[in-house]
Every structure is written in structure tokens, then in C-alpha cells.
Amino acid sequence: MRTDQAKCMNCAHYYVTYDMKFPYGCKIMGFKSKISPDAEILRMTGTPCQTFQRRAIKPPPPTRAR
């Protein structure tokens, strides 16, 4: 797995679109891209993404006692 994808996949603003031409998106920056959004930002601006926010991890559902 590439490190640029791993960073976005762990971000609260990252989402996968249903657009086959632009499958990756960033909610906070408001765009869709052919490549991982943080890689696109680095390519366009020359600086790493400054809006990364770690995605909250949901606890597993409780198990039922038998």
C-alpha cells in the first residue's frame, strides 16, 4: 500500500465517490480526484496536506451473552 493513500484513508475528510473518473474525494477541501487527495494537494501546491484529521475509530458492537 502506498503511504499517500494510507494517510487519506485514515483521515476524517476522505471519502470514496461513485464517480469512476474521480474515485477519491476530500470533504473539507471540496474536490474529487483520480489519485489520493493528499497526493493531489502535494502535486498542485508542493506542500503536504494541512487538513488531515485522524478518523475516529468506532468501537466494535457489543456481543450478546448466551
Side-chain angles (χ1 to χ4, degrees):
M1 179 180 289
R2 294 183 357 222
T3 57
D4 62 345
Q5 284 185 336
K7 183 176 179 185
C8 267
M9 287 180 165
N10 293 322
C11 182
H13 309 297
Y14 172 79
Y15 69 102
V16 177
T17 73
Y18 290 99
D19 187 343
M20 292 178 70
K21 292 182 181 179
F22 302 101
Y24 310 108
C26 179
K27 294 175 189 172
I28 199 160
M29 298 294 275
F31 72 93
K32 297 186 285 185
S33 176
K34 291 181 181 182
I35 60 174
S36 183
D38 67 323
E40 185 72 36
I41 291 169
L42 182 62
R43 185 178 72 82
M44 297 293 282
T45 66
T47 59
C49 178
Q50 301 296 307
T51 61
F52 176 80
Q53 195 174 58
R54 183 155 303 279
R55 183 183 304 260
I57 299 172
K58 296 179 183 175
T63 56
R64 295 192 301 176
R66 291 184 177 211

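Sequential numbering from 1 along the given sequence is applied to the chain's residues.
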Looking at every non-hydrogen atom in both residues, tell me the closest pair between [X] and [Y] and how far apart they are.
X     : Y     : answer
Cys26 : Tyr15 : N-CE2, 3.5 Å
Thr51 : His13 : O-CD2, 3.3 Å
Asp38 : Cys49 : CB-CB, 3.9 Å
Met20 : Pro23 : O-CD, 3.9 Å

Is Ser36 close to Tyr24 at the side-chain level, that is, under 4.5 Å between some pair of heavy atoms?
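No. Closest side-chain heavy atoms not under 4.5 Å.
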Are Tyr14 and Val16 packed together at the side-chain level, in the sense that at least one heavy-atom pair is separated by less than 4.5 angstrom?
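SC-SC contact between Tyr14 and Val16 confirmed.
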Listing request: all salt bridge (charged side-chain N to carboxylate O under 4.0 Å, His left out) pairs with a residue in residues 10-32, at least two apart in sequence or in separate chains.
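Salt bridge (charged side-chain N to carboxylate O under 4.0 Å, His left out) check on residues 10-32 returns Asp19-Lys32.
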Please enumerate all residues that pass salt bridge (charged side-chain N to carboxylate O under 4.0 Å, His left out) together with Arg43, with sequence neighbours excluded.
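In terms of salt bridge (charged side-chain N to carboxylate O under 4.0 Å, His left out), with neighbours along the sequence ignored, Arg43 is linked to Glu40.
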Could you tell me which residues satisfy side-chain hydrogen bond (donor to acceptor under 3.5 Å, both in side chains) with Thr63, sequence neighbours excluded, listed by chain and number?
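For Thr63, no residue satisfies side-chain hydrogen bond (donor to acceptor under 3.5 Å, both in side chains) once neighbours in sequence are set aside.
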When clusters are formed by joining ILVMFWY residues with side-chain heavy atoms under 4.5 Å apart, either directly or through shared neighbours, do Phe31 and Ile28 land in the same one?
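Yes, Phe31 and Ile28 fall within the same hydrophobic cluster.
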Between CD on residue Gln53 and SG on residue Cys11, distance to nearest 0.5 Å:
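Separation between the atoms: 7.0 Å.
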